[in-house]
Amino acid sequence: MKKLAWTALMAGILLAIAAYVTEINELPGAVEWRTCGFIGYILIISAIAWLLLRRLYEWGRKAETPQL
């Protein structure tokens with residue numbers, strides 16, 4: 001799942017960059033790429049949220065182990 005989150009993060013970044021470049025340079029198809037950019041933002045936010053929640057889970061699991 002961690003690999004999937006990293007892949008989604010990278011794909012989201014690429015989609016957002018492509019939408020941004022298309023919009024700035026006023027290339028044809030900017031409206032369609034705007035939708036892809038929005039999807040990219042959703043992927044970025046979801047992947048970062050999953051990675052942060054996973055990190056919190058690992059920290060919590062470490063804190064629960066008894067220290068001998």
Side-chain angles (χ1 to χ4, degrees):
M1 189 70 179
K2 192 174 188 178
K3 189 181 254 187
L4 180 65
W6 282 107
T7 304
L9 180 66
M10 292 302 131
I13 290 171
L14 289 176
L15 283 172
I17 289 172
Y20 177 75
V21 169
T22 305
E23 186 71 30
I24 292 299
N25 294 326
E26 297 177 2
L27 297 174
V31 175
E32 292 83 6
W33 276 105
R34 207 175 304 146
T35 302
C36 291
F38 181 71
I39 293 169
Y41 294 141
I42 291 172
L43 287 173
I44 292 169
I45 292 168
S46 299
I48 290 175
W50 188 88
L51 290 168
L52 288 175
L53 285 173
R54 181 70 184 167
R55 178 65 54 115
L56 286 172
Y57 173 75
E58 290 172 1
W59 284 346
R61 200 172 64 197
K62 279 184 185 178
E64 289 177 3
T65 56
Q67 304 270 332
L68 298 177

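When side chains are defined from C-beta on, Ile17 does not count as touching Tyr20, because their heavy atoms never get closer than 4.5 Å.
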Return all side-chain donor-acceptor pairs below 3.5 angstrom for residues 38-60, not counting sequence neighbours, or 'none' if the list is empty.
from, atom 1, to, atom 2, distance (Å)
Ser46, OG, Ile42, O, 2.9

Identify all side-chain donor-acceptor contacts of residues 25-34 below 3.5 Å with residues at least two apart in sequence or on another chain.
from, atom 1, to, atom 2, distance (Å)
Asn25, ND2, Val21, O, 3.3
Arg34, NE, Glu23, OE1, 3.3
Arg34, NH2, Glu23, OE1, 3.3

